[in-house]
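Data first, discussion second: the structure below is written as structure tokens.
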Amino acid sequence: MAEIYDSVGGKKLEEYLARMPGVQRSLDEARFEVAARAEALLLQHRQEGHAHIDVEDGRIDKYVILDDERGKDAALSIEYGRAESVVVKKRKDGTTYLDVIPAAEGLFILARAANLPKKRKGKVHLD
């Protein structure tokens, strides 16, 4: 009868397999393909040019990131959409006024690039 071990060289079997050079090469290739598709999708919708696609290495995993210099909320709005909101803005003369930021549908750049289902996170109401 075969004996099955849950670790190899002190590492969990899953981690040992994930760190194998061939597995890491495959992850690099998949990440490159997703990042290239994401960049092409983002370019189709670029308005002001604040967002870009970035890639990162985790301890084991590889990541494709939609990054926006205006902050994570801007990147989340691009991916998942946003509800209409009213904000207070200030004019050059110091007076304030209310401005309506219209609702926007999410573009699902990363989800589409990775062939994942489009799923909205949290509660966004686009009435």
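Model, not experiment: these values are computed from the prediction.
- Summarising the geometry of Leu17 relative to Val23, their closest heavy-atom pair is O-CG2, 3.3 Å, with the distance given to 0.1 Å.
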- Task: Just do the side-chain contact (heavy atoms from CB on, under 4.5 Å) check on Asp6 and Leu13 with the steps written out, would you?
- Result: CA-CA 6 Å; Asp6 63 350; Leu13 182 59; 5.7 Å; no

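- Pairing each heavy atom of Glu79 with each of Leu110, the nearest pair is OE1-N, 3.0 Å.
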- Please report the C-alpha distance between Asp28 and Arg25 in whole Å, then the side-chain angles of each, then the deciding distance to 0.1 Å, and finally whether the salt bridge (charged side-chain N to carboxylate O under 4.0 Å, His left out) criterion is met. CA-CA 5 Å; Asp28 281 332; Arg25 273 193 306 277; over 6 Å; no

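- A heavy-atom distance below 4.5 Å is not found between the side chains of Leu98 and Val87.
- The only option from His50, His52, Glu56 that meets the side chain to side chain contact (heavy atoms under 4.5 Å, CB included) definition with Asp67 turns out to be His52.
- For the pair Arg59 and Glu15, the salt-bridge criterion is met [side-chain N within less than 4.0 Å of a carboxylate O].
- Considering every non-hydrogen atom in both Ala111 and Pro117, the closest pair reads CB-O, 4.1 Å.
- Linking ILVMFWY side-chain heavy atoms closer than 4.5 Å, directly or via other members, places Phe108 and Leu76 in a single hydrophobic cluster.
- The line from CZ of Phe32 to CG of Leu27 is 15.5 Å long, rounded to the nearest 0.5 Å.
- Taking 4.5 Å as the limit, every side-chain heavy atom of Ile65 sits out of range of all side-chain heavy atoms of Ile53.
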- Task: Could you please spell out the steps behind the salt bridge (charged side-chain N to carboxylate O under 4.0 Å, His left out) verdict for Glu14 and Arg19?
- Result: CA-CA 9 Å; Glu14 295 88 352; Arg19 289 180 180 268; over 6 Å; no

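- Residues Ala38 and Ala113 come closest through the heavy atom pair N-CB, 3.5 Å.
- Taking the side chain as every heavy atom from C-beta outward, Ile78 and Leu107 approach each other to under 4.5 Å.
- To the nearest 0.5 angstrom, Ser26 atom OG is 11.0 Å from Met20 atom CE.
- Under the 3.5 Å distance criterion, the side-chain polar atoms of Arg82 are left unmatched by any main-chain donor or acceptor of Gly106.
- Inter-residue side-chain proximity for Lys62 and Val55 is flagged as unmet; no heavy-atom pair is nearer than 4.5 Å.
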- Task: Please report the C-alpha distance between Glu39 and Ile109 in whole Å, then the side-chain angles of each, then the deciding distance to 0.1 Å, and finally whether the side-chain contact (heavy atoms from CB on, under 4.5 Å) criterion is met.
- Result: CA-CA 8 Å; Glu39 186 65 39; Ile109 300 291; over 6 Å; no

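- Hydrophobic clustering places Leu42 together with Val34 (ILVMFWY residues linked when any side-chain heavy atoms are closer than 4.5 Å, directly or through intermediates).
- Atom-to-atom distance recorded for Lys89:NZ and Tyr97:OH is 5.0 Å, nearest 0.5 angstrom.
- When side chains are defined from C-beta on, Val100 counts as touching Glu84, because their heavy atoms get closer than 4.5 Å.
- Of all heavy-atom pairs between Ala51 and Leu66, the closest is CB-CD1, 4.3 Å.
- No donor-acceptor pair closer than 3.5 Å links the side chain of Thr95 to the backbone N or O of Arg91.
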- Does the pair Asp68 and Arg70 meet the rule for a salt bridge (charged side-chain N to carboxylate O under 4.0 Å, His left out), with working shown? CA-CA 5 Å; Asp68 193 303; Arg70 296 170 294 176; 2.7 Å; yes

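- At a threshold of 4.5 Å between non-hydrogen side-chain atoms, the residues Asn115 and Arg37 count as touching.
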- Apply salt bridge (charged side-chain N to carboxylate O under 4.0 Å, His left out) to the pair Arg31 and Asp57, showing each step before the final yes or no. CA-CA 10 Å; Arg31 176 180 60 184; Asp57 285 332; 2.7 Å; yes

